[in-house]
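When reading the values below, keep in mind they use all heavy atoms of this one structure, side chains included, and skip hydrogens, waters and symmetry mates. We number each residue from 1, following the sequence as shown.
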Amino acid sequence: WAANLVLKDIKLKTAVAINGTPFGIDDEFGIKKDIFYKSISDYDFESFKKLCFLGISENKINDFKFNQNAKFELINLYKNASQKNEDHINWNKAIISKKDLIFPSKVCLDYFKQKAVCINAPHFVFFKFKSFGEIFEI
């Protein structure tokens with residue numbers, strides 16, 4: 001969703017979606033609006049961090065500079081969710097984490113279909129790779 005808003009006028013050589021769809025907060029192809037709202041209402045920073053990094057060692061999580069204002073970011077995403085947009089990006093591939101507790105993997109699979117590649121990782125996949133090059137090689 002955010003990539004479509006930000007990158008819609010930029011010509012990309014390769015576009016790889018990671019744990020999301022072009023629709024962000026959406027009852028069909030995104031995180032259901034009521035579930036997203038509940039995650040803001042019941043927000044707890046430590047719980048949110050654990051959802052993002054499920055299964056990652058505590059040391060790596062503690063070394064990561066996680067935004068303490070994540071709730072504020074979630075609120076802004078929710079407020080801007082009404083900005084519906086078409087999928088402007090020609091996605092070459094979609095990497096979908098089986099352990100994603102933030103964005104439903106079934107929704108991503110339904111949207112991206114044959115472009116989808118599933119990996120065994122949480123929502124935040126970047127600890128699994130040494131570089132973006134490794135991500136593109138999947």
Side-chain angles (χ1 to χ4, degrees):
W1 173 78
N4 266 301
L5 291 177
V6 175
L7 302 173
K8 69 181 178 181
D9 297 323
I10 296 174
K11 187 168 172 64
L12 302 171
K13 286 184 180 181
T14 303
V16 178
I18 300 174
N19 291 333
T21 70
F23 303 98
I25 303 167
D26 182 85
D27 286 340
E28 184 179 5
F29 287 120
I31 301 169
K32 292 187 183 299
K33 194 169 187 171
D34 60 333
I35 291 172
F36 197 95
Y37 183 79
K38 185 173 177 10
S39 69
I40 294 170
S41 301
D42 298 344
Y43 182 81
D44 172 72
F45 178 70
E46 290 303 317
S47 297
F48 183 72
K49 227 169 46 169
K50 286 179 182 162
L51 288 175
C52 289
F53 297 116
L54 181 71
I56 303 296
S57 77
E58 200 65 38
N59 289 340
K60 277 191 177 181
I61 293 171
N62 291 333
D63 288 344
F64 183 75
K65 301 297 181 218
F66 202 89
N67 186 348
Q68 294 285 331
N69 296 317
K71 182 176 182 176
F72 179 73
E73 289 181 21
L74 294 175
I75 291 168
N76 280 326
L77 287 172
Y78 186 81
K79 285 179 183 176
N80 291 300
S82 61
Q83 282 187 272
K84 297 289 181 196
N85 60 55
E86 295 176 29
D87 190 359
H88 299 288
I89 297 175
N90 182 19
W91 299 101
N92 301 88
K93 185 185 308 178
I95 297 172
I96 301 166
S97 293
K98 294 177 189 176
K99 296 179 183 178
D100 192 341
L101 298 179
I102 304 292
F103 210 102
S105 28
K106 182 184 180 333
V107 169
C108 295
L109 289 166
D110 289 347
Y111 181 78
F112 287 109
K113 298 179 182 9
Q114 71 276 6
K115 293 181 180 181
V117 177
C118 291
I119 62 171
N120 193 20
H123 181 71
F124 188 86
V125 301
F126 301 102
F127 286 132
K128 186 172 178 67
F129 303 99
K130 293 179 182 135
S131 69
F132 279 106
E134 280 188 24
I135 293 171
F136 290 119
E137 290 173 10
I138 291 177

- Task: I would like to know whether F36 and L74 meet side chain to side chain contact (heavy atoms under 4.5 Å, CB included); could you show each step before the answer?
- Result: CA-CA 8 Å; F36 197 95; L74 294 175; 3.8 Å; yes

- side chain to side chain contact (heavy atoms under 4.5 Å, CB included) evaluation trace for N92 with K115: CA-CA 7 Å; N92 301 88; K115 293 181 180 181; over 6 Å; no

- Would you call the rings of F124 and F126 parallel, tilted or perpendicular, where under 30° means parallel and over 60° means perpendicular? perpendicular

- Message: Are V117 and F132 connected into the same hydrophobic cluster when the rule is that any two of I, L, V, M, F, W, Y join if their side-chain heavy atoms are below 4.5 Å apart?
- Response: yes

- Quick one: closest heavy-atom pair of I102 and D100, and the distance? N-OD1, 2.7 Å

- Message: Hydrophobic cluster membership, with links at side-chain heavy-atom distances under 4.5 Å among I/L/V/M/F/W/Y: are I135 and I96 in one?
- Response: no

- Task: Compare all side-chain heavy atoms of Y78 with those of K33 and state whether any distance is below 4.5 angstrom.
- Result: yes

- In terms of heavy-atom contacts, K128 and E134 come closest through O-OE1, 4.4 Å

- Query: So C118 and L109, side chain to side chain contact (heavy atoms under 4.5 Å, CB included) or not? Walk me through it.
  - Reply: CA-CA 9 Å; C118 291; L109 289 166; 3.7 Å; yes

- Task: Check whether F72 and L51 end up in the same hydrophobic cluster, where Ile, Leu, Val, Met, Phe, Trp and Tyr are linked by side-chain heavy atoms less than 4.5 Å apart.
- Result: no

- Message: Restricting to side chain to side chain donor-acceptor pair (under 3.5 Å), what partner residues turn up for D44, sequence neighbours left out?
- Response: S47

- Minimum side-chain heavy-atom gap L101-P122 below 4.5 Å: no

- Rounded to the nearest 0.5 Å, how far does CD1 of I25 lie from CG of N80? 9.0 Å

- Query: So do I75 and Y43 actually touch side chain to side chain, heavy atoms under 4.5 Å?
  - Reply: no

- Note on the structure: Of all heavy-atom pairs linking V125 and F129, the shortest is O-CD1, 3.5 Å

- Message: Taking side chain to side chain donor-acceptor pair (under 3.5 Å) as the definition, give me every residue that meets it alongside D42, ordered by chain and number, with sequence neighbours left out.
- Response: K38

- Query: Looking at residues at least two apart in the chain, or sitting in another chain, which of them share a side chain to side chain donor-acceptor pair (under 3.5 Å) with K71?
  - Reply: none

What side-chain donor-acceptor pairs closer than 3.5 Å can you find for residues 15-23, not counting sequence neighbours?
unit_1 : atom_1 : unit_2 : atom_2 : d
N19    : OD1    : S97    : N      : 2.7
N19    : OD1    : S97    : OG     : 3.4
N19    : ND2    : S97    : OG     : 3.0
N19    : ND2    : H123   : O      : 2.8
T21    : OG1    : F23    : N      : 3.2
T21    : OG1    : F29    : O      : 2.3

- Message: Tell me whether the count of non-hydrogen atoms from other residues, nucleotides or ligands lying under 6.0 Å of NZ in K130 goes above 12.
- Response: no

- Task: Given side chain to side chain contact (heavy atoms under 4.5 Å, CB included), test D26 with Y111 step by step and report yes or no.
- Result: CA-CA 12 Å; D26 182 85; Y111 181 78; over 6 Å; no

- Sorted by chain and residue number, the side chain to side chain contact (heavy atoms under 4.5 Å, CB included) partners of L7 (sequence neighbours excluded) come out as A3, I10, L12, I89

- Under the side chain to side chain donor-acceptor pair (under 3.5 Å) test, which residues partner D110, sequence neighbours left out? K106

- When rounded to the nearest 0.5 angstrom, what is the spacing between OG1 in T14 and CH2 in W91? 11.5 Å

